[in-house]
Amino acid sequence: MKSAFRSACSTLTRSLNPNPTSLSALPGLRPTVVAPPPPRPFRSRRAAIAPPSPPPRALPSSTRRRCCCSSAMSGGEAPPALPLERQFEDFRAQLEDSVGLRERIRAVVMEIESTTRLMYSSLLLVYLSWPLPEVLDKSKAHIGTLKDHYSRLADILSECPDQYYRYHGDWRSETQTVVSLLTFTHYLETGNLLLHNEAGEKLGLNNSQFGLDIEDYLVGVCFMSSELPRYVVNQVTAGDYDCPRKVLKFLTELNAAFRMLNLRNDFLRKKFDGLKYDLRRVEEVHYDVKIRGLASDGDSTGDQGSKENNDSEVVH
């Protein structure tokens, strides 16, 4: 039975491949048995399909209420501001108001500066041998304009009470220049120093909320003293040989008054040092005039005061 089955298989093989080549017949080669590929695992069609996801769960009622509130706030009303944000919002408003106020102050200060230039140009005519009454009239004509400017400045500062020294630096230098021009005009007219309260009255600055600062007044007086040496030389050239003695007496008294103050190493102290140099220049002019015999035998208080001042400088 087995032999008959093998003979039938061989007959069928020869009919399909009449010239078979046996691998074993080739010299030097061994028949290689190729292993069949491993069978694939059987996967059903149902397993290939992913199972459906479970239905979403319902949110709790508290969560739904929070979501509804957040959506309502995002769509309509803004969330309440934090304390830090509220504070800086106030700072922003205050700074904007301060910038606007400072711009208004600077606009008035520019007008004050323009008026002081006109007033100073009027006073310069005294060096051109103009009649003194005409020079004084042209100079004093600007005092009313300056008073109006300072009145406007006081009205602006009334909007922010107790903030005088916060904005004082915006008109400090202009006020010092105004005081120097007022004191020089007053000296040419009277030969004396314009006092602090008198200068405040001329400018309308007697209010306690907006007054003339003492340091601004003193610096303005020191500025005025720098004009006196030039004025003395001009007057001597014009033939007024008694002018150096008068100016020397005035500066000597002013120097003695400033020595009563305890001045620190600041701007006012530097200006006071300039006053001492102005006094020395006037002394030189006065001595030259006296040595040449051109000065009158008037009051010698200026000479004595100058000598005492030089002695005090050596001690100092």
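Reckoned from all heavy atoms, side chains included, excluding hydrogens, waters and symmetry mates.
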* Asked: Taking it one step at a time, do H142 and Y120 satisfy side-chain contact (heavy atoms from CB on, under 4.5 Å)?
  -> CA-CA 10 Å; H142 301 285; Y120 183 63; over 6 Å; no
* K276 versus N255: any side-chain heavy-atom pair under 4.5 Å? -> yes
* Asked: Do the ring planes of Y187 and F250 sit parallel (below 30°), tilted (30 to 60°) or perpendicular (above 60°)?
  -> tilted
* Just by distance, do the side chain of N234 and the backbone of Y127 share a donor-acceptor pair under 3.5 Å? -> yes
* **Connected via hydrophobic side-chain network under 4.5 Å: L132 and L125** => yes
* To do: For residues F258 and L218, determine if any side-chain heavy atom of one lies less than 4.5 Å from a side-chain heavy atom of the other.
  => yes
* Structure fact -> Scanning both residues in full, the closest heavy-atom pair of L275 with L254 reads CD1-CD2, 3.7 Å
* **SB check R104 E159 (cutoff 4.0 Å)** => yes
* Please confirm whether the backbone N or O of L195 pairs with a side-chain atom of E198, one donor and one acceptor, at under 3.5 Å? => yes
* Exam field: side chain Y164 to backbone G211, donor-acceptor pair closer than 3.5 Å -> yes
* P83 side chain reached by R86 side chain, heavy atoms, under 4.5 Å -> yes
* Asked: Going through the checks in order, is the side-chain contact (heavy atoms from CB on, under 4.5 Å) test met by L188 and L123?
  -> CA-CA 10 Å; L188 293 178; L123 285 174; 4.3 Å; yes
* Structure fact -> Heavy atoms of Q176 and F267 approach each other most closely as OE1-CE2, 4.2 Å
* Note, L228 side chain near D278 side chain (heavy atom, < 4.5 Å) -> no
* Answer yes or no: is there a side-chain heavy-atom contact under 4.5 Å between L182 and H186? => no
* Do you know which two heavy atoms are closest between P244 and V289, and how far apart they sit? -> CG-CG2, 4.4 Å
* Ion pair present between E284 and R280, side-chain N to carboxylate O less than 4.0 angstrom? -> no
* Asked: So, do E174 and T116 sit near enough that their side-chain heavy atoms are less than 4.5 Å apart?
  -> no
* Flag, side chain of S151 to backbone of K147, donor-acceptor distance under 3.5 Å -> no
* Passes salt bridge (Lys or Arg N to Asp or Glu O under 4.0 Å), D273 versus R269? Steps please. -> CA-CA 6 Å; D273 293 338; R269 177 56 187 264; 3.4 Å; yes
* Structure fact -> Between the CZ atom in F223 and the OG atom in S173, the distance rounded to the nearest 0.5 Å is 8.5 Å
* Can you tell me how far the OH atom of Y231 sits from the OG atom of S226, to the nearest 0.5 Å? -> 15.0 Å
* Asked: Any chance the side chains of Y167 and S98 put a donor and an acceptor closer than 3.5 Å?
  -> yes
* **Non-hydrogen side-chain atoms of C160 and L101 separated by less than 4.5 Å** => yes
* **Residue pair V179 / G220: nearest heavy atoms and the distance that separates them** => CG1-CA, 4.0 Å
* To do: For Y241 and V236, work out which heavy atoms get closest and say how close.
  => CE2-O, 3.7 Å
* **Smallest separation among heavy atoms of T145 and T115, with atom names** => CG2-OG1, 3.9 Å
* To do: Taking atom types as modelled, find out whether Y150 and T175 have a side-chain donor-acceptor pair closer than 3.5 angstrom.
  => yes
* **same_hphob_cluster(M110, L203) at 4.5 Å side-chain heavy-atom cutoff** => no
* **same_hphob_cluster(V221, M260) at 4.5 Å side-chain heavy-atom cutoff** => no
* To do: Run the salt-bridge test on K270 and D266 with the 4.0 Å N-O cut-off and return the result as yes or no.
  => no
* Ionic contact status for E89 with R92, cut-off 4.0 Å -> yes
* Fit a plane to each ring of W171 and H168, take the angle between them on a 0 to 90° scale, and name the class: parallel (under 30°), tilted (30 to 60°) or perpendicular (over 60°). => perpendicular
* Do S225 side-chain atoms and C222 backbone N/O form a donor-acceptor pair below 3.5 Å? -> yes
* To do: Kindly indicate, with the supporting measurements, whether the criterion side-chain contact (heavy atoms from CB on, under 4.5 Å) is fulfilled by C243 and K246.
  => CA-CA 5 Å; C243 180; K246 297 178 181 179; 5.8 Å; no
* Do the non-hydrogen side-chain atoms of T185 and M119 ever get within less than 4.5 Å of each other? -> yes
* Look up atom CG in L194 and atom CD in E189, then write down how far apart they are to the nearest 0.5 Å. => 10.0 Å
* To do: For the pair H286 and V232, evaluate side-chain contact (heavy atoms from CB on, under 4.5 Å) and give the outcome as yes or no after the intermediate values.
  => CA-CA 9 Å; H286 174 65; V232 167; over 6 Å; no
* If two hydrophobic side chains count as joined below 4.5 Å and joins carry through other members, does F184 share a cluster with L128? -> yes
* Residue that, paired with V178, satisfies side-chain contact (heavy atoms from CB on, under 4.5 Å) out of L212, T183, L146, I143 -> L146
* Is the backbone N or O of L136 less than 3.5 Å from a side-chain atom of S139, with the two atoms forming a donor-acceptor pair by type? -> no
* Asked: If you measure from CD on E113 to NE2 on H149, what distance do you get to the nearest 0.5 Å?
  -> 11.5 Å
* To do: State yes or no: do L205 and Y165 share one hydrophobic cluster built from I, L, V, M, F, W and Y residues joined by side-chain heavy-atom distances below 4.5 Å, directly or via other members?
  => yes
* Structure fact -> Rounding to 0.5 Å, atoms CG (D170) and CZ (R102) come to a distance of 4.5 Å
* To do: Rounded to the nearest 0.5 Å, what's the gap from CG on L248 to CG on L279? Could you check?
  => 6.0 Å
